[in-house]
Amino acid sequence: MQGSTHGRKTFHHPEVGDLTLGYQSMKLEGTPGHCLIAYFAEPGTPEYDTLVLLDLLASEASSNGAAPAGGPPQTTRSGSPAP
């Protein structure tokens, strides 16, 4: 694997704006060229609070049948939009 194995990366989310998270990449044994990248925010930081907010928004959306923030609209089995 080439490149940095840890650092920080900034994302833009349509609901909450810019979000800078830490990351760490790990090689996956037995799968040449593949790695797992974990993104994280330290507790007590604004980024952590934003991730908690996104988790709550996604939970609320799934419990009432709506698409998660930034996700595609949900459809019924027939392919028509869900009520």
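Predicted model only: the values in this text are computed from it and were never measured.
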Next on the checklist: Is there a side-chain contact (heavy atoms from CB on, under 4.5 Å) between Leu51 and Leu21? Walk through the geometry before answering.
Outcome noted: CA-CA 10 Å; Leu51 287 181; Leu21 301 174; 3.9 Å; yes
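- In this structure, OG1 on Thr5 lies 10.5 Å from CD1 on Ile37, to the nearest 0.5 angstrom.
- Interatomic distance, Glu47 CD to Leu19 CG, rounded to the nearest 0.5 Å: 6.5 Å.
- Between the CD atom of Glu15 and the CG atom of Leu53 there is a distance of 9.0 Å, given to the nearest 0.5 Å.
- Residue-environment remark: OH (Tyr23) exceeds the threshold of 12 foreign heavy atoms within 6.0 Å.
- Between atom CG of residue Asp18 and atom NE2 of residue His13 there is a gap of 12.0 Å, rounded to the nearest 0.5 Å.
- A single hydrophobic cluster is seen to contain both Leu56 and Tyr48, as judged by linkage of ILVMFWY side chains at heavy-atom distances under 4.5 Å, directly or through other members.
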Could you walk me through whether Thr20 and Lys9 satisfy the side-chain contact (heavy atoms from CB on, under 4.5 Å) test, starting with their C-alpha distance in whole Å, then the side-chain angles of each, then the deciding distance to 0.1 Å, before giving a yes or no?
CA-CA 5 Å; Thr20 301; Lys9 181 170 176 151; over 6 Å; no
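- Considering every non-hydrogen atom in both Arg8 and Gly22, the closest pair reads NH1-N, 3.9 Å.
- A perpendicular orientation is assigned to the rings of Phe11 and Tyr39, their planes being inclined by more than 60° (bins at 30° and 60°).
- Asp49 CG to Leu54 CG: the interatomic distance, rounded to the nearest 0.5 Å, is 11.0 Å.
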